[in-house]
Amino acid sequence: MNKDIYLSNTLAGKKEIFKPINEKKIGMYVCGPTVYDDPHIGNARPLVIFDILFKVLKCKYGKSSVTYVRNITDIDDKIIESSKQKKIPINKLSENITKSFNQDCEYLKCEKPSFEPKATENISLMIDMINILLKNGNAYENSSNVYFDVSTFKDYGKLSNKNIDELLAGARVEVSKNKKNPEDFVLWKPSNDDEPGWDSPWGRGRPGWHLECSAMSKKFLGDTFDIHGGGRDLIFPHHENEIAQSRCANGNKSFSNYWVHNGFITISNEKMAKSQGNVFKIKDFHSKYNGQVLRLALISTHYKQPLDWNDNLLIQSQKTLDKWYECYKAPKGKVLIDEKDLSPLYDDLNTPGYISNIHKLYDKAAKGSDKDKEIFTTACNFIGLLTEPKSSWLEFKKRNLNISEKEILQKIKERNIARDNKNYELADKIRNELLDKGVLIEDKDDKTTWKLK
RNA sequence: GGUAACGUGGCGGAAUGGUUACGCAGAGGAUUGCAAAUCCUUGUAUCCCGGUUCGAUUCCGGGCGUUACCUCCA
């Protein structure tokens with residue numbers, strides 16, 4: 001499609017036309033999980049959003065032209081802490097959580113990124129980068145710690161619109177006697193014997209939080225690439241620090257040209273936080289809802305907007321998908337989505353606008369030909385919906401049913417006898433009983449059929 | 001205090017310098033033993049105050065309000 005893609009670029013502070021460095025080699029890096037606890041629905045939002053951006057980029061520039069990298073941070077103080085708390089060895093914990101993360105991605109119908117590098121497999125690259133920063137005078141060592149010297153990077157604060165003086169006025173930055181300045185951040189820190197560590201020129205230790213993204217984006221996408229994504233909260237300090245490290249280590253070249261950040265999820269209008277006790281894990285929904293329901297809920301609001309998570313949201317999403325599955329028809333061969341229908345996604349990933357177009361395609365499909373149904377289904381597939389056949393959608397719902405098919409048919413038989421005898425009171429009672437169990441009765445012509453509510 | 005996002009009908013949520021989103025819920029109708037499902041029809045909105053304009057919900061300024069980040073966090 002010839003249409004241009006637009007993205008809201010945090011670095012520019014506005015929506016911009018997307019111009020790739022090289023149309024045949026587009027690079028997108030998205031901050032993946034730190035594997036210390038099961039992913040929550042807040043983590044689910046960027047997973048789905050950037051999955052769709054990946055699809056849109058591939059649609060415009062071709063499948064093989066887009067490289068999507070999403071890291072797994074498997075060394076971090078949070079993991080060490082969590083491991084102590086849960087009394088699980090660190091390796092085992094990060095392995096378990098990584099597995100759980102992958103299950104969640106599958107559940108949410110996210111396709112695999114091109115690369116999913118792990119921090120622990122790239123420590124030597126991080127050490128290399130620290131060496132360059134030390135050599136360039138952007139970093140200094142003190143008692144086996146290595147710090148980045150923020151004062152040496154004059155663009156520090158550009159992404160988050162902060163200047164260092166104001167930052168210090170807040171004075172909540174960690175002050176350490178090892179640091180020259182409070183705003184400096186750790187590149188390398190020593191490890192105790194009971195903590196994971198790697199040999200380095202500064203002794204046995206481990207990398208600081210931000211370094212893995214700088215090292216791994218360089219490895220897979222080069223010094224300069226197109227898009228860097230993540231949640232809003234990562235703008236400062238994480239992404240600001242990544243920019244500082246990478247540009248100073250890579251000859252001050254531009255790092256990522258476009259910075260895309262998704263908004264937060266609130267729970268019934270309250271901040272989701274451990275202290276509030278309202279953190280929902282993605283896992284919590286596995287048995288009750290098909291992953292598509294969460295996926296639709298997550299994209300029902302524009303990615304930059306806050307999204308409130310509540311029962312009504314999930315009920316509506318479930319209902320919409322139930323309706324849409326009525327028109328499901330697996331496309332045979334290649335079916336094209338109309339440019340006009342697709343265009344909201346090109347305009348800064350306007351998913352609600354696109355969903356509205358799907359509703360229109362549904363109306364057409366509902367009274368149209370098989371071809372219309374295939375077009376409708378293809379449009380859903382594009383954003384990762386209706387990606388499993390109807391049978392499997394229904395199968396999932398049946399699993400939550402606490403009545404057997406045999407019993408249902410028996411009840412229908414009883415009800416029809418009652419109806420023949422004009423005992424409508426009993427007939428309605430049976431129908432309501434079935435309805436309570438999630439079974440919906442339909443009398444069509446002379447036949448009674450049932451389906452899941 | 002600093003930085004940013006946002007304020008649209010009963011709810012969710014787009015777009016737009018003048019007319020229309022879309023979904024859910026509601027109302028009326030067709031159908032039905034009654035329903036359900038389906039189909040048809042339909043009402044309701046742009047935080048406040050200025051400015052620009054023939055005309056602003058949309059652009060500009062001010063105010064009020066909500067939220068986030070500035071500390072680990074998607």
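Just so we're on the same page: letters track the sequence lines, and every chain starts at 1. Remember, it's a predicted structure, so these values are computed and weren't measured experimentally.
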Exercise for review: Test ring-ring contact (aromatic ring centres under 6.0 Å, His included) on Phe185(A) and His210(A) and set out the steps.
Suggested key: CA-CA 9 Å; Phe185(A) 56 90; His210(A) 319 289; 5.4 Å; yes
Review point. Is Ile265(A) touching bases, backbone alone, or none of the nucleic acid, heavy atoms closer than 4.0 Å?
Key: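 It contacts base atoms.
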**Study point:** Touch class at under 4.0 angstrom, heavy-atom based, for Ile235(A) against every strand present
**Key:** nothing
Measuring only the [atom1] atom in each nucleotide, how far is [N] from [M]? A whole number of Å is fine.
N: A45(B); M: U52(B); atom1: P; value: 28 Å
N: G43(B); M: G50(B); atom1: P; value: 31 Å
N: U66(B); M: C48(B); atom1: C1'; value: 15 Å
N: A14(B); M: C59(B); atom1: P; value: 16 Å

Check your understanding: In the structure shown, which nucleotide is the Watson-Crick or G-U wobble counterpart of A45(B), with both distances under 3.5 Å?
Key -> none
Review point. Across all strands, who's sitting opposite U38(B) as a Watson-Crick or G-U wobble pair, both distances under 3.5 Å?
Key: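 Because both required distances fall under 3.5 Å, U38(B) counts as paired with A30(B).
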Review point. Do you know which of His228(A), His238(A), His239(A) makes ring-ring contact (aromatic ring centres under 6.0 Å, His included) with His261(A)?
Key: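 Answer after filtering His228(A), His238(A), His239(A): His239(A).
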Review point. Could a donor-acceptor pair under 3.5 angstrom be found where the side chain of Arg45(A) meets the base of A74(B)?
Key: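 Flag unset: no donor-acceptor pair detected.
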Point to revise | Test side-chain hydrogen bond (donor to acceptor under 3.5 Å, both in side chains) applied to Ser82(A) - qualifying residues, sequence neighbours left out | key: Lys86(A)
Side-chain N or O of [X] versus OP1/OP2 of [N]: is the shortest distance under 4.0 Å?
X: Asn161(A); N: U3(B); value: no
X: Thr301(A); N: G13(B); value: yes
X: Lys367(A); N: C40(B); value: yes
X: Gln305(A); N: A14(B); value: yes
X: Lys319(A); N: A25(B); value: yes

Check your understanding: Does the side-chain ring of Phe264(A) lie flat on the base of A74(B), meaning centres under 5.5 Å and planes less than 30 degrees apart?
Key ->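 Yes; by the centre-distance and plane-angle rule, Phe264(A) counts as stacking on A74(B).
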Point to revise | Within residues 409-428 of chain A: residues closer than 4.0 Å to RNA chain B (heavy atoms) | key: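 By residue number: Arg415(A), Arg419(A), Tyr424(A), Asp428(A).
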Check your understanding: Would Tyr6(A) and Tyr346(A) count as a close aromatic pair, with their ring centres under 6.0 Å?
Key -> no
